Amino acid sequence: MEWGGSDYGNLLMQYCFTTRYEGVSQAPFDSLNLAFHVGDDRSNVKENRARLEEKLGVSKLVFMDQVHGDTVVLVHTGDESPTCDAMITNVKGIGLAVMVADCIPILFYDEVHHAIGVAHAGRTGSLLNVGQKTAQTMAETFGSRMEELKIWIGPSIHVCCYEVGIEVTKGFEKALQVKEGKYFLDLQRYNQEAFLALGVKREHIEISDVCSCCNADYFSYRREKQTGRFAGVITL
Ligand SMILES: [Zn+2]
């Protein structure tokens, strides 16, 4: 796992991106599959989620029923299981999780107002600006200022592997690479540019250099088709 956090005497926030290791699921979900909807055994997913909660030290880890939309939900109790593609909260003890296998897991932290957020940004969600809407909803809800917001763009399929048909390139002209007549999307750059346009500082946007399709430590829908989901998680 990639771990991080802020420590000013007390641990105020921690985040991580899981890999496919240290879980109990069998192939093709081996082994830390965190998603119920992919065909894995439910009891294995529950055990995997419990292991993650234990590792993070949080009892309330909230997962979304993700639908490639742009709805942002405010989490209050930690018992929610909302249908949406982004969540925000400022309640201590709650962790927010976004599941992916090539889509981008985006994490948000406002250390001034002590608030967090997550967003699920695939091709569709990116075009809907789900990440930018998450940042804006944090501003409206918590008073977050764009220049203070920290953003992590997690492991996800990169331009090296993300070949798409020309019919889905509309809107992505600035994040497109053409090689030998084939089209490749740079979704990380697309989202980075959108955050910069909002006023987020470049040095506050951390982009993982891991391509989930190149790196077999991560689940990849493009590489494996039937597979598990790893997660980006941030906790207060
Ligand atoms: Zn790649």
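Quantities reported herein were computed from a predicted structural model and do not represent experimental measurements. When a ligand or atom number is given, it counts from 1 through the structure's own listing order. Excluded from the calculations below are hydrogen atoms, water molecules and symmetry mates; all remaining heavy atoms, backbone and side chain alike, are included.
How far OH of Y162 is from CD1 of I157: 7.0 Å, rounded to the nearest 0.5 Å.
No more than 12 heavy atoms of other residues, nucleotides or ligands lie within 6.0 Å of NZ in K174, so this atom counts as exposed by the packing criterion.
Looking only at atom types and distance, the side chain of Q188 has a donor-acceptor partner in the side chain of S156 under 3.5 Å away.
Considering L32, N33, L34 in turn, L34 is the only one that fulfils the side chain to side chain contact (heavy atoms under 4.5 Å, CB included) rule with R49.
Listing protein N, O or S atoms at distances below 2.8 Å from the Zn ion (ligand 1), with waters left out, gives C160 SG, C161 SG, C211 SG, C214 SG.
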Let me see the working for M99 and F63 under side-chain contact (heavy atoms from CB on, under 4.5 Å), right down to the final yes or no.
CA-CA 8 Å; M99 297 179 289; F63 287 83; 3.8 Å; yes

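A salt bridge (charged side-chain N to carboxylate O under 4.0 Å, His left out) check over residues 24-36, counting only residues at least two apart or in different chains, returns the pairs R20-D30.
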